[in-house]
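First the proteins, then the strands, lettered A, B, ... as listed; each starts at 1.
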2 protein chains.
Amino acid sequence: MSKSVTLKDVAAAVGVTSAAASMALSGHERISEKTRAAVKQAADELGYVPSSAGRALRSQRADAVALIVPNSSTHVFGHLYFMHVLTGMSTAANAHDAQVIVSTNADTSSGGVAYERVMRSRTADGAIVTSAAIDDDHVQTLVASGLPVVLIGNYPHLERAVSVGIDDVTATERLVEHLVTVHGRRRLLHVTGTLDHQTGIDRRDGFLRAADTHGLSDVAVVEGDLSEASGAAAVEQVLASGAEHDGIVFANDDMAVGGLRVLRRAGIRVPDDVSVVGFDDFGLARVTTPGITTVRVPAEEMGRIATERLFDLVDRRTPSTTGQHTELPVEVVLRGSCGCDDDARSPAP
Amino acid sequence: MSKSVTLKDVAAAVGVTSAAASMALSGHERISEKTRAAVKQAADELGYVPSSAGRALRSQRADAVALIVPNSSTHVFGHLYFMHVLTGMSTAANAHDAQVIVSTNADTSSGGVAYERVMRSRTADGAIVTSAAIDDDHVQTLVASGLPVVLIGNYPHLERAVSVGIDDVTATERLVEHLVTVHGRRRLLHVTGTLDHQTGIDRRDGFLRAADTHGLSDVAVVEGDLSEASGAAAVEQVLASGAEHDGIVFANDDMAVGGLRVLRRAGIRVPDDVSVVGFDDFGLARVTTPGITTVRVPAEEMGRIATERLFDLVDRRTPSTTGQHTELPVEVVLRGSCGCDDDARSPAP
DNA sequence: CTGAAAGCGCTTACAG
DNA sequence: CTGAAAGCGCTTACAG
């Protein structure tokens, strides 16, 4: 393994001090054009790349941001959602010449310590936290510590938090409204997400609010956990109970996939007998038969914008205002599972 | 933002030098039990976390590994495959108390420079490279530089490379054999992956070899690019040409999804009229109707094992032997698209 | 046995 | 204007 080239090597090659070489490479005006050119050429020839450790130690800046996923059961982390967020983060981080660090707590016993360490050790200048449970103390501690953090999602109880999210309540209302007004469905079932996460609560509340708005009296709510298996289990349970529904609103697409499978095996036709809608549109909803009508969550854009907000905090361009939330618009994507033609789209908002 | 606590602060609190505090925290035997306990307590109380920059600079080790994805069109990077690899990497990295850095070249103009910088700057101690094209010079340079690198996939022309992969040739042969011997399909079509990647070549060669083995005379090969759209386009093209096939072997599941859609719209029944198989099983193949018979690529395990191999190199536990390849077994997953019952499985290898 | 310097690589603030 | 020290935080090798 070749010994790495330091600034000192470059300086020696040109016959200047490493301080001068540093200034030359950063384009400092006090270095003559001639010296600057010589240093740059030597750096290129030697393949000099600044040591990130040396630079970080001196500048007190890691030029790195972390994606923190507190809840790291494989089921949760191994999801296309994170890939979308990560893609958005990478776009923003590349523009800032910063690295992206992925920090996930494989070890649940160590709790939040893993990512607290990332922040305290200054491995990253700031962090994006996503999928945090409402009562996750570590997130609260992190936010309260004043370290640059941007949350993805809605955290109404964390007043000081900077966050980026969507309006889950309204989006779910739009789905229900579609089922009621376009397809005449009124006996609706909602299968919730995890209710220790705000999205789970908000989507359920959107469902209930819409049911109220439209005067639906015959609705039911069953708790799920966002997994395909829990969507299947919820539908099985309801079928066994003998309850009859003409529409099912799943809190995400994974559960809708599980539900569709159970319905198909039970000989219940979708959308003829029952309309189905999901939420997320990260990839699955497009490939089932019928395709799943859903709300497209702009995860990549959330990741990108959250990261830009994070750099604002890190660079202190933004005064440390308390609690700023950026809300992104969502789009309802109409497919076959509700009774619309596959691949139809609602007009842009 | 609270000023970060340094070793000096901890030492001052106890009344020792920072050198002594350092030794106390690392459990060095020359520090008395009493002092050690006092330092540890002070560190806890002050919330001391070692600066990664200070430590990295001193120890010449970043305690971080990078996942490098050279070919970063969003279509390629935003794929569940990377999430699986990343999950495996995280597992191994956590066990070594190392960070995971994700480096993707959003900017194609800068070519391989982006990840060469990651390595040269010592931001990471080593890298996992995946999805590299056969003729990617940057990968060759990286491997040749002697920096710790483990490749995921097969790189027969890079003799010095350490790599982890599967046998794409044999796996594809097994799929073809299944179609021929179990379902009596003989007029097969293969839709290839990208042929500038070894997997694309190997899967095609596996198809051709199996066709030869079974004496199939009526086979065809169409080039695809692994995208859903290219799978659809390939099938449209073949349908338009009037060629008749009773089985289609797609080089991945995404293309199979696209192909299934076109077949359905054309009124061609799967598996009744034509058997379909894919490759990968990263998530899509399970949710279509019918489910797609495919080969399960153990991406998470590949990520985990590649990372363990990488730490071997970084720690020099392994002598720098030339060209070590680890081959993982794969499993054929039988679903409805070939004509088997959905959810059936081949016996473990 | 223990105290404190040296030095990892960098860049800025200071001295001349 | 320019040369070279100081110091970011850490840990090991050296001096006493």
Notebook entry, point to check: Between B:Asp63 (CG) and D:dT11 (C1'), how many Å, whole number?
Noted result: 14 Å
Next item on the list: Measure from CE on B:Met23 to C1' on C:dG3 and round the result to the nearest Å.
Entry: 10 Å
Notebook entry, point to check: How many Å lie between NE2 on A:His28 and C1' on D:dT2, as a whole number?
Noted result: 11 Å
Check: Under 4.0 Å: is that the gap between some side-chain N or O of B:Gln60 and OP1 or OP2 of D:dC10?
Finding: no
Check: D:dC14 and C:dG9: how far apart are their C1' atoms, nearest whole angstrom?
Finding: 22 Å
Margin query: Counting only Watson-Crick pairs (N1-N3 plus N6-O4 or O6-N4) and G-U wobbles (N1-O2, O6-N3), all under 3.5 Å, who is the partner of D:dA4?
Written below: none
Check: To the nearest Å, how far apart are B:Ile31 CD1 and C:dT2 P?
Finding: 8 Å
Next item on the list: Write down the partner of C:dA13 under the Watson-Crick or G-U wobble criteria, each distance required to be under 3.5 Å.
Entry: none
Notebook entry, point to check: Can you find a donor-acceptor N/O pair under 3.5 angstrom joining the side chain of A:Arg30 to the base of D:dG3?
Noted result: yes
Note to self: In whole Å, I'd like the distance from the CG atom of A:Leu7 to the P atom of D:dA5.
What the structure shows: 16 Å
Check: Using 4.0 Å as the upper bound for N to carboxylate O, is an ion pair formed by A:Glu300 and A:Arg304?
Finding: no
Check: For B:Ala19 and B:Ser59, take the nucleotide of DNA chain C holding the closest heavy atom to each; which residue's nucleotide lies nearer the 5' end?
Finding: B:Ala19
Item checked: d(CG, B:Leu57; P, C:dA6) in whole Å -> 17 Å
Notebook entry, point to check: Contact class for A:Ala53 (heavy atom, under 4.0 Å): base, sugar-phosphate, or nothing?
Noted result: nothing
Notebook entry, point to check: CZ of A:Arg55 versus P of D:dG9: gap in Å, rounded?
Noted result: 18 Å
Check: More 5' along DNA chain D: A:Gly54 or A:Ala20, using each one's nearest nucleotide?
Finding: A:Ala20
Check: Could you go step by step and tell me if B:Gln324 and B:Arg309 meet the side chain to side chain donor-acceptor pair (under 3.5 Å) rule?
Finding: CA-CA 10 Å; B:Gln324 298 192 350; B:Arg309 304 282 289 112; 2.4 Å; yes
Check: If each of A:Ser18 and B:Thr17 is mapped to the nucleotide of DNA chain C with the nearest heavy atom, which maps nearer the 5' terminus, i.e. the 5' end?
Finding: B:Thr17
Next item on the list: Given side chain to side chain donor-acceptor pair (under 3.5 Å), test A:Thr130 with A:Tyr81 step by step and report yes or no.
Entry: CA-CA 10 Å; A:Thr130 185; A:Tyr81 166 69; 2.6 Å; yes
Note to self: Is there, by distance only and without an angle test, a donor paired with an acceptor across the side chain of A:Arg58 and the base of D:dG9 below 3.5 Å?
What the structure shows: no
Notebook entry, point to check: Within this structure, what is the CZ-to-C1' distance between B:Arg120 and C:dG9, rounded to whole angstrom?
Noted result: 15 Å
Notebook entry, point to check: Is there a side-chain polar atom (N or O) of A:Ser22 under 4.0 Å from OP1 or OP2 of C:dT11?
Noted result: yes
Next item on the list: Write down the atom of A:Thr123, the atom of B:Ser52, and the distance for their closest heavy-atom approach.
Entry: OG1-OG, 3.2 Å
Margin query: For A:Leu142, run the side-chain contact (heavy atoms from CB on, under 4.5 Å) check against A:Asp137, A:Val129, A:Leu151, A:Asp136 and tell me which one passes.
Written below: A:Val129
